[in-house]
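The structure appears right after this line, and notes come after that.
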Amino acid sequence: MNNKSWIFYTFLLVLFWGVWGAFSGLPTEKYGYPDQMVYIIWAITMLIPCYFSLKRDTFDKRGIAALYGLAIGLTGAGGQLLLFKALAIGPAYLIFPVISISPAITVLMAYFILREKITPLGGAGIVAALVAIVMFSLPSGDADQVDYGPWLFLAIIICLCWGVQAFLMKRASLAGVNDGTTFTWMTISGLLLVPVAFWMMPGSGFDYPWQAPALTMVTQVLNAVGALFLVMALSRGRAVIVAPCTNALAPVLTIVLSLTFYGVLPSLFSTIGIILALVGSTLMVYSEEKEPELQRAD
């Protein structure tokens, strides 16, 4: 079945993650709130979309559902915790470009393992989107010389984790695991790693004004709901299209909102990224609409 509803859920994902990206840094910027506490609150907020997803879908008790669900959840949440460690010992302006390549991992796995087809037009869109994602992560100024150490190794692991996670979401849907079950296991996995986040946190995470956790809660709900829409988009669309499309378009909305609310002008790299993201995503969606005969691989 060629299900075009992936476009709708991709749009919702871009909307939620784009807004989240624009305001997610406020708790840390305004109150110095630790990243580990942000993770903990995010894990808790996952319960909200999880509740609504289970009202829609019956929980799948099969072992294969648990296996895929835990793998998806742990690669996502584990990658997030590793990111905190990487940022503590390495430069963010080099770490994020490495991590931004994760959709390429998803595309390659979907193409070679799931045998998902790519039209020439769709392939051009994928390349444009992947280049756009890297452009969004490049620093706007000259970077100082840095030593390449453990942070680079961690960044590569995070890239692999998040690339594999998106692939596993698609693979789980092909195995008949419904969205609600997958997201429930993602929620459980995130909560299981909360003690690790507490262990990684320097000092206490409770010596902050109430506005810090409240603001974090609001922004992380957007993140959690966006994660559910990612599961839903990947279960309906081809991973070679959905993964680069969502990762390219969400930063575009983030930049637009940052310009509107903060007056922050995009760098040259970000401007190029916006153009490539819009062109690439248009090509991918158009190629899907013009190629109805393409079927999902079993």
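Every value quoted in this text rests on a predicted model; they were computed, and no experiment measured them.
- Closest non-hydrogen pair, P150 versus I89, comes out as CB-CD1, 4.0 Å.
- Both L230 and M232 are members of a single hydrophobic cluster when ILVMFWY side chains are connected at heavy-atom separations under 4.5 Å.
- When side chains are defined from C-beta on, V256 does not count as touching I274, because their heavy atoms never get closer than 4.5 Å.
- Checked against the 6.0 Å centroid threshold, F261 and F23 count as a close aromatic pair.
- A donor-acceptor distance shorter than 3.5 angstrom exists from the side chain of T28 to the backbone of Y33, with no hydrogens or angles considered.
- Within the 3.5 Å criterion, the main-chain N or O of G76 finds a donor-acceptor partner in the side chain of W162.
- The main-chain N or O of A239 is found under 3.5 Å from a side-chain atom of E116 such that the two form a donor-acceptor pair.
- Counting non-hydrogen atoms of other residues, nucleotides and ligands closer than 6.0 Å to CZ of F59 gives a total above 12.
- Under the 6.0 Å cut-off for aromatic ring centres, F269 and F136 do not qualify, their centroids lying 6.0 Å or more apart.
- Note on M284 and L12: same hydrophobic cluster, where clusters join Ile, Leu, Val, Met, Phe, Trp and Tyr whose side-chain heavy atoms are under 4.5 Å apart, directly or indirectly.
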Could you walk me through whether L47 and L191 pass the side chain to side chain contact (heavy atoms under 4.5 Å, CB included) check?
-> CA-CA 9 Å; L47 291 168; L191 292 171; 4.0 Å; yes
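- The two residues G18 and L257 come nearest to each other via the heavy atoms O-CD1, 4.0 Å.
- Within the 4.5 Å cutoff, the side chain of T216 has no heavy atoms near those of the M37 side chain.
- Side chain to side chain, T184 and T187 fail the donor-acceptor criterion of an N or O pair below 3.5 Å.
- A distance-only check finds a donor-acceptor pair linking the side chain of T106 to the backbone of G163 [under 3.5 Å].
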L193 and F198: side chain to side chain contact (heavy atoms under 4.5 Å, CB included), yes or no, with the steps?
-> CA-CA 9 Å; L193 293 180; F198 270 116; over 6 Å; no
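- Residues V225 and L13 have side chains not in contact (no heavy-atom distance under 4.5 Å, counting atoms from C-beta outward).
- To the nearest 0.5 Å, the span separating OG on S100 from CG on L130 amounts to 9.0 Å.
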Applying side chain to side chain contact (heavy atoms under 4.5 Å, CB included), run through I241 and V107 and close with a yes or a no.
-> CA-CA 8 Å; I241 299 295; V107 169; over 6 Å; no
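- Between S235 and K170, the closest heavy-atom pair is O-NZ, 3.8 Å.
- From W151, atom CH2 reaches atom CD1 of I156 across 9.0 Å, with rounding to the nearest 0.5 Å.
- Residues L26 and F16 fall within the same hydrophobic cluster, defined by Ile, Leu, Val, Met, Phe, Trp and Tyr side chains chained together at heavy-atom separations under 4.5 Å.
- The CG atom of L168 lies 11.5 Å from the CG atom of L174; values are rounded to the nearest 0.5 Å.
- Residue pairs meeting the side-chain hydrogen bond (donor to acceptor under 3.5 Å, both in side chains) criterion with at least one partner in residues 49-59, sequence neighbours excluded, do not occur; the list is empty.
- With a 6.0 Å radius and a threshold of 12 heavy atoms from other residues, nucleotides or ligands, Y111 has its OH atom at or below the threshold.
- Hydrophobic clustering of Ile, Leu, Val, Met, Phe, Trp and Tyr side chains at less than 4.5 Å, counting indirect connections, unites M109 with I118.
- Side chain of Q36 to backbone of A197: no donor-acceptor contact under 3.5 angstrom is found.
- The closest donor-acceptor contact from the side chain of Y39 to the backbone of G190 lies under 3.5 Å.
- Distance check: L82 CG to F153 CZ gives 9.5 Å after rounding to the nearest 0.5 Å.
- Under the 4.5 Å side-chain heavy-atom criterion for ILVMFWY residues, a single connected hydrophobic cluster contains both I113 and I72.
- Scanning both residues, V221 and I48, for their nearest heavy atoms gives CG2-CD1, 3.9 Å.
- For V231, the side-chain contact (heavy atoms from CB on, under 4.5 Å) criterion is met by M169, D179, T182, F183, M186, not counting sequence neighbours.
- With contacts defined as side-chain heavy-atom distances shorter than 4.5 Å, the pair N223/T45 does not qualify.
- Counting heavy atoms from C-beta on, the side chains of L54 and C50 come closer than 4.5 Å.
- Taken to the nearest 0.5 Å, the CZ atom of F167 stands 11.5 Å off from the CG atom of L234.
- Using a 4.5 Å cut-off on side-chain heavy atoms (C-beta onward), P251 and I133 make no contact.
- With sequence neighbours excluded, the residues forming a salt bridge (charged side-chain N to carboxylate O under 4.0 Å, His left out) with D60 are R62, listed by chain and number.
- We find the CG-CZ distance between D35 and F84 to be 5.0 Å, quoted to the nearest 0.5 Å.
- In this structure, the ring of W6 has its center no less than 6.0 angstrom from the ring center of Y9.
- Y262 OH: more than 12 foreign heavy atoms inside a 6.0 Å radius.
- A pairwise comparison of heavy atoms in T10 and C245 identifies CG2-SG, 4.2 Å as the closest pair.
- Closest heavy-atom contact between A155 and I99: O-CG1, 4.0 Å.
- For an aromatic pair to be called close, the ring centres must be under 6.0 Å apart, and Y31 with Y208 fails this.
- A 4.5 Å side-chain heavy-atom check between W17 and T246 finds every atom pair outside the cut-off.
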